[in-house]
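As structure tokens, the structure follows; a few thoughts come after it.
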Amino acid sequence: MAGRSGKGRHKGRTPNSNNVVRSEAEADTTGAPVPSKDDTSQLSSSGDANGVCNGSYSPEIESTNAKAEATSDTSTAPSGQAKQAEGGLHLYPIPVKLQSGEKLELQLNPGDSVMDIRQFLLDAPETCFFTCYDLILHTKDGSSHHLEDYHELSEIADITSGGCSLEMVATLYDDRSIRSHLRRSRELLSASPIHASLSTQLALQHDKMQKKAADGVKSEGLELEGLGFMEDIPGSLCNLMPSSSQVIKCVESIVFSSFNPPPNYRRIAGDLIYIDAVTLEGNKYCITGTTKSFYVNSSTGNILDPRPSKHPSEATTLIGLLQKLSPKFKKGFREILERKSSSHPFEIVQSLLPPNSWLGAYPVPHHERDAARAEDAVALSYGSELIGMQRDWNEELQSCREFPHATPQERILRDRALYKVTCDFVEAATSGAIGVIRGCISPINPTDPECFHMYVHNNIFFSFAVDADIGHISKELASSVQLVFQQGAEHAENTNSCGSSECPSNEASDASGEAQVADGEQATYASANNDLKGTKAYQEADVPGLYNLAMAIIDYRGHRVVAQSIIPGILQGDKSDSLLYGSVDNGKKICWDEAFHSKVLEAAARLHLKPHMVLDGSGNAVKLAAPVECKGIVGSDDRHYLLDLMRVTPRDANYSGPGSRFCVMRSELVTSFCKAEAAERSKSSRGGEVPVAPESAKATDADTEVETKEKQCDAIHDFDTATSGKDPSCDEILLNPNVFTEFKLAGSQEEIAADEAEVRKAGLYLVDVVLPKFVQDLSLLEVSPMDGQTLTEALHAHGINVRYIGKVADMTKHLPHLWDLCATEIIVRSTKHILKDVLRESQDHDLGPAISHFLNCLVGHNSSGGAKNGPNNMQWRAPKKDQVNHRSPQKSSGGRTRFNHVTLSRRSQAPHMHITSEGLWADIQEFARSKYGFSLPEDARSRVRKISAIRNLCLKVGICIAARKYDFESAMPFEASDVLDLQPVIKHSVPVCSEARELLESGKARLAEGNLNEAYTLFTEAFSILQQVTGPMHKEVANCCRYIATVLYHAGDMGGAITQQHKELIINERCLGLDHPDTAHSYGNMALFYHGLNQTELALRHMSRTLLLLSLSSGVDHPDVATTFINVAMMYQDIGKMNVALRYLQEALKKNERLLGQDHIQTAACYHALAIAFNCMGAYKLSIQHENKAYDILVKQLGEDDLRTQDAQNWIKSFKMREIQANAQKQKGQAVNAATAQKAIDLFKAHPDLMHAVQAAAGGSNGASNINRTINAAIFGDNVPRTRGESERAARAAAEVRKKAAAKGLNVRPHSVPVQGLPKLMQLLNLDLGANAEASRDAQATETSKETTDSPTLNDTENVKDNGLVGDHESQAPVGLGTGLSSLDAKKQKSKPKPTS
């Protein structure tokens, strides 16, 4: 990848090509050591890749090794000498001569393509506004080569021999290129989307405060005085949105002139375009764009005067011309480039799939005139290309799947191409679906009923997913549907083959009424979800020769639109016999093909589906390895496509009846069950005991505590142990997907009964094992969901469908925060379906009032409404009664409202005016009871967390409201003006990189074992792969950054940890949302890292943000909030503010006792933290009292023989000993102050025997819960990163650094790192705010050398021992890290840079 040398910063970007992106983690990972503390400034001093991102998504970022080399002077390298960086890639300096005559230097690799070079030049400040040029390569022998865009340098010349140079030569503009140039110029001049993170802003503010403090200006420290701001959650909405940066204005306007298009006599003279520009000085210019350049013409009024003006100004670019015309433009443009270059690269790079925001800026920003924006909005393209050929999405996708993938490099190229094409498809499908719903795209079957309309736009097939009762509201409509079937017989098979479940088939014309209803059920919301999940499953199976369509589901304004790519030739009907596999008429006729069956059979083996025999309508037996209703199609491209995959897993035996046709198991459950069943059979074959879940697990009593279920938990633990590994016999466990369906199975009764028993056993496995294990994980905080989204993800990860959330709520009544979370999610999901009905039947001018009225009915007390039938709202629900006879019994009581669109649109009163609070909550209770089997309590309306419910509902429906303070005690807290936007909610099948995911899992396992070196290698390798496949803006990349930060944190490299954690925070904010729980935990980790760097005030500001985000997502009553309180208390304790620390600790104790119980192990952690705090204050009696309580809880939960219980007992003995010592000192008349108490704690921690016991307690079991790790951290007085992963909490190694620094005589604060030699915050965050980059690098190099010389290393143990400050145990690895850190000592010693003279 291209990169700059010399004074420039590395800004390379990769265009949308197949060239591989090299990332910062793409170092030589074989034996790559974890950076030591000595390398902190080296890791954090160099800036990352930077620059303008235009149409790309993968920035090139310097590698870790390259950062270490950045301090050397690269300008002295001779021409042609290779510079090895970025994972062993050799870069060669190539000078580039610009059009202006200036020169810059690129670092190129022979494998770089010409598109890579163009993209870099597009991002460089000197060349970002050049768009129309050719590249000429001059070689050493004097020859010149014209570079084509898609060629690699190695194909043209050998740049490794040196003497090569590049030259930019201006080329002629044409109509397309000059408009592209104008668009690019507008992008550069517009308020560019720099997504500045609040963490970056906090760091900037902190630096300013430090400068003021250095100048003698005192600043008050931050006080999170309590707990007060946590209670005013609605008022905190104003603080959630980041402050927008000041807009830099360069020019008043640049618009297409009304003189366009050029008259013919000027066209043949070379005029292509006319532009009207108004500068900040107030001067108006009419600019002519020709094939060669831009110049100011002499036009002044309404008559075109094409002659150059009296003061001729001409330039090859528009920006170059404006710089000559306006000094203010030149200054402003320079400021824009400086702002972009000073921002973190992750704040600039494009995000392909940004999340919806449920909050908008308040006050609402003024909508200013923008002629350029108006011009872009004139043409309603809805995602299609206005000029040129439309993209063939299916051909692009299938061609990418056919890429070779035998080697790692080939797999990266393939995964990258698939990811990019799929993301582009989702973006185009979203735009097209909005056009369909708004009525801007005409259907291809306009004479059919509206619910059956189909659309083709931008080579994407669109259809509505509607419930069955919509298509069968009355007999008249049913008969019209029958007529549609008959009229569409000639093309129905083709349209159905497009993957649209609601498309009629030609064989369906003679189907019975029940079959039509069953077909209509396939068009429900559930079937669309299942189809998408089935498509994902077959994509992950990745069987050669078996293809699936690109698919996306778009929910917008109450409608659900299914978007799919189009099978070649299917709309033209050139293959009437294209159906080779499956059925289009619910099993009456089943097609079968041997070649197709062999491919499906291979996929079935990977999906644990059993080949079986099915009888068709004529009684013929057909062997299938997929659901009967799937459709195997051969397109005109001779590819085999498998469609309509609504049931790739068997039906859930726990849900029966016609209304549960699409209640299927999750693929995660099938995989887990097959592993468990294989382990059970393996034990049976060896004669061992089989772990079977007890029957009592089926119905867990809500009041039963966790400790009374020891037998059940033991069985679950044994079952987990049996299923933890990969058993080859797991592949032999196969399930029949067509049991418990209306289709007739062939074969003997014994075989059919065995298949049914196997599926029924999987259902019992879900109820008897998976659900109790999930509840156990929730109780032990192994899984800690914060909001509805994370709860849903946790359920799905365990293989549990959301329809079981009512059972989970009943099983967690003893945990108030979990019951509230489940109840809130049930309420929100029930409300979502009702709100979608209202939106679907509302006109454009009623959307804002309808949403605000609905929200007022939900959280307010609106009982007036427009209904004449009183608070029961019967008139509003009346349409549902007409549909009951046409629905199955379970569907008819769903509490969902359906309207006849034609009749409602003609009503004089808007539909939402009939809604009242009482009627709405009655519908919610009815839906919750019918759908989830959960009875909401009578006081559910008053108990629901209103702000969390509103946030969850807005995210699910796509509503954006103003970020202002709402009075939820009033009857109508919302106004119509509060509703700012209605956004589409998208579900897609964007592929994931399985190889990187496997590396992540392996790295987590190594981290849990304490092997930091291997964990670092695996995480950086996963980061490198993901960076190349998805680019930086992806949640999996954020996970990699978090784990890398954790490794560096445990290794004592706080600077490197902050660098990685800052990246994770930016990615989470941009990919997950500003208030996502993972973003909150990112701020919490950032705070702990800053605290480790002695930046406690900055750490507390991040903790304040953490508490704000947690309060929005989960409310103030959550164990994670209590844990955050403990971390805040530790920070105040370290800076000596014990009173504030005690308030936070006591509040954390109250929360844990109320939420988890007085005997929970997390409550013991609070007692222990209080004991440590009282010990620091010298109140030893209180320390003994609180530690005794912690000891009693540990004895009750873990037993007296557990190492953690014994450790608590040792703490009690220590506190008693210190009390005796304090009394003895008092008798001698010696006063004991806080400093003496702190010194006593440090001496006690240095005791070898106690240290050994603590080490055994922390590292004795990999299966220890997060709470146990929290206790171990509290024992050390250290804070650990609070994240969602299991292996991310352990005792950190900062104590080692502190003690060694003290031995060297450095200035050390309690529980902080040495003050001397700290890197600047802006260096840690990869921000370049200095004007002289070279001076900054030289200063960093000097600082690095100084720190290397003066700072102690992990191998300075002997010196510390000689000073008598620590015991012999100091040479051991820190507790919780095992031998991982010790094994790094030798490599750290080897990689330690030599001091500069």
Ignoring hydrogens and angles, tell me if any N or O in the side chain of Arg651 forms a donor-acceptor pair with the backbone of Ser660 under 3.5 Å.
yes

NZ (Lys832) with more than 12 external heavy atoms under 6.0 Å:
yes

How far apart are the closest heavy atoms of Tyr556 and Gln983, and which atoms are they?
CD1-C, 3.9 Å

Under a 4.5 Å cut-off applied to non-hydrogen side-chain atoms, are Leu549 and Phe461 in contact?
no

Main-chain N/O of Ser948 paired to Asp787 side chain as donor or acceptor, under 3.5 Å
no

Enclosure of Lys533 NZ (heavy-atom neighbours >12, cutoff 6.0 Å)
yes

Does any N or O in the side chain of His853 come within less than 3.5 Å of the main-chain N or O of Ile915, such that one atom is a donor and the other an acceptor?
yes

Could you tell me if Arg829 sits above the aromatic ring of Tyr932, with its cationic atom closer than 6.0 Å to the ring centre and no more than 45 degrees from the axis?
no

Minimum heavy-atom separation for Pro984 to Asn356, with atom names?
O-ND2, 2.9 Å

Taking the side chain as C-beta and beyond, is there a heavy-atom pair between Glu825 and Lys956 under 4.5 Å?
yes

Under 3.5 Å, side chain of Lys631 to main-chain N/O of Glu629, donor-acceptor pair present?
yes

Could you check whether any side-chain N or O of Asn445 sits under 3.5 Å from a backbone N or O of Phe452, counting only pairs where one atom can act as donor and the other as acceptor?
yes

Short side-chain to backbone donor-acceptor contact, Trp921 and Leu858, under 3.5 Å:
yes

Looking at every heavy atom in both Val664 and Arg647, which two are closest together, and how far apart are they?
CG1-CG, 3.9 Å

Taking every heavy atom of Cys630 against every heavy atom of Leu645, the minimum-distance pair comes out as CB-CD2, 4.2 Å

Could you tell me whether the side chains of Asp652 and Tyr804 share a donor-acceptor contact shorter than 3.5 Å?
yes

Using every non-hydrogen atom in the two residues, find where Thr535 and Asn548 come nearest and quote the distance to one decimal.
CG2-CB, 4.0 Å

Determine yes or no for a side-chain-to-main-chain donor-acceptor pair under 3.5 angstrom, with Thr649 supplying the side chain and Met665 the backbone.
yes

Under the salt bridge (Lys or Arg N to Asp or Glu O under 4.0 Å) rule, what do Lys1035 and Asp1078 come out as? Steps first, then yes or no, please.
CA-CA 10 Å; Lys1035 61 181 181 180; Asp1078 285 353; over 6 Å; no

About how many Å separate CG of Asn458 and OG of Ser565, when rounded to the nearest 0.5 Å?
12.0 Å

Hydrogens and angles aside, do Asn529 and Arg560 bring a side-chain donor and acceptor to less than 3.5 Å of each other?
yes

Measure the acute angle between the ring planes of His453 and Tyr455, then classify it against the limits of 30° and 60° as parallel, tilted or perpendicular.
perpendicular

Looking only at non-hydrogen atoms, find the nearest pair between Asp1075 and Arg951 and report the distance.
OD2-NE, 2.8 Å

Using atom types as modelled and distance alone, determine if a side-chain donor or acceptor of Ser930 lies under 3.5 Å from a backbone N or O of Glu926.
no

